[in-house]
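To start, the structure under review is shown below, and the notes come after it.
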Amino acid sequence: FMAWCEAAPCTEGFRATCPAVGRGLDKGQRNGVPVIPFPREFCASVRQLNQAGCLCDENIMDVPQAERLSQSASLVATMCGFRNELEECG
């Protein structure tokens, strides 16, 4: 995640917080299994990535776990309470 976050064009505005975003994303799963309900830190990280358009970044699919996050963005956004803010890819 860190290599992608430090290089992706969409993260330019928050690169200094890439480690915190990565830690937040990690809190959304334990041993590969989603933690439900999603922790606040996980939702905050996903929301930040969404607001920057990163969930639509073509290279995010190369990041472990991020491919699944990108594919389930609608469900995650709904469960985190920001479905109406979800950026559409395409």
Side-chain angles (χ1 to χ4, degrees):
F1 174 81
M2 286 301 299
W4 169 82
C5 192
E6 291 172 352
C10 66
T11 62
E12 191 172 348
F14 64 87
R15 273 206 190 116
T17 63
C18 281
V21 172
R23 285 191 301 275
L25 292 177
D26 287 343
K27 291 182 185 270
Q29 56 100 18
R30 189 174 299 119
N31 299 323
V33 179
V35 175
I36 306 292
F38 291 130
R40 188 174 335 135
E41 298 93 340
F42 172 79
C43 288
S45 291
V46 175
R47 190 178 205 169
Q48 187 168 10
L49 291 173
N50 173 64
Q51 289 173 334
C54 292
L55 296 179
C56 297
D57 184 280
E58 60 189 30
N59 295 319
I60 200 168
M61 297 301 183
D62 297 333
V63 180
Q65 305 297 323
E67 180 179 9
R68 186 167 60 180
L69 174 61
S70 184
Q71 291 171 344
S72 60
S74 179
L75 175 64
V76 171
T78 299
M79 292 177 70
C80 286
F82 63 91
R83 176 68 181 97
N84 59 332
E85 299 173 19
L86 188 63
E87 296 288 328
E88 294 295 329
C89 300

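Values reported hereafter were calculated over all heavy atoms of this structure, with side chains retained and with hydrogens, waters and symmetry mates removed. Along the sequence shown, the residues carry numbers beginning at 1.
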Please list every donor-acceptor pair under 3.5 Å in which a side-chain atom of residues 14-28 meets a protein atom from a residue at least two apart or in another chain.
from  : atom 1 : to    : atom 2 : distance (Å)
Arg15 : NE     : Cys5  : O      : 3.4
Arg15 : NE     : Glu6  : O      : 3.1
Arg15 : NE     : Thr11 : OG1    : 3.3
Arg15 : NH2    : Ala8  : O      : 2.6
Thr17 : OG1    : Phe14 : O      : 2.8

Quick note, ring-ring contact (aromatic ring centres under 6.0 Å, His included) partners involving residues 63-90, not counting sequence neighbours, are none
Can you tell me how far the CD atom of Gln71 sits from the CE atom of Met61, to the nearest 0.5 Å? 5.5 Å
First locate atom CG of Leu86, then atom CD of Gln51, and finally report the distance between them rounded to the nearest 0.5 Å. 11.0 Å
Shortest non-hydrogen contact between Asp57 and Asn59, atoms and distance: OD1-N, 2.7 Å
Pairs satisfying disulfide bond (SG atoms under 2.5 Å apart), at least one member in residues 61-90, at least two apart: Cys43-Cys80, Cys56-Cys89
Donor-acceptor pair, side chain of Asn50 and main chain of Glu87, under 3.5 angstrom: yes
Could you tell me which residues satisfy side-chain hydrogen bond (donor to acceptor under 3.5 Å, both in side chains) with Ser70, sequence neighbours excluded, listed by chain and number? none
Distance-only check: which donor-acceptor pairs under 3.5 Å involve side-chain atoms of residues 29-37, not counting sequence neighbours?
from  : atom 1 : to    : atom 2 : distance (Å)
Gln29 : OE1    : Gly32 : N      : 2.7

Inter- and intrachain pairs under ring-ring contact (aromatic ring centres under 6.0 Å, His included), touching residues 24-61, at least two apart: Phe38-Phe42
Do Cys10 and Leu49 come close enough that some side-chain heavy atom pair is under 4.5 Å? no
Spacing of Arg83 atom CZ and Leu75 atom CG [to the nearest 0.5 Å]: 10.0 Å
Could you walk me through whether Trp4 and Asp62 satisfy the side chain to side chain contact (heavy atoms under 4.5 Å, CB included) test, starting with their C-alpha distance in whole Å, then the side-chain angles of each, then the deciding distance to 0.1 Å, before giving a yes or no? CA-CA 8 Å; Trp4 169 82; Asp62 297 333; over 6 Å; no
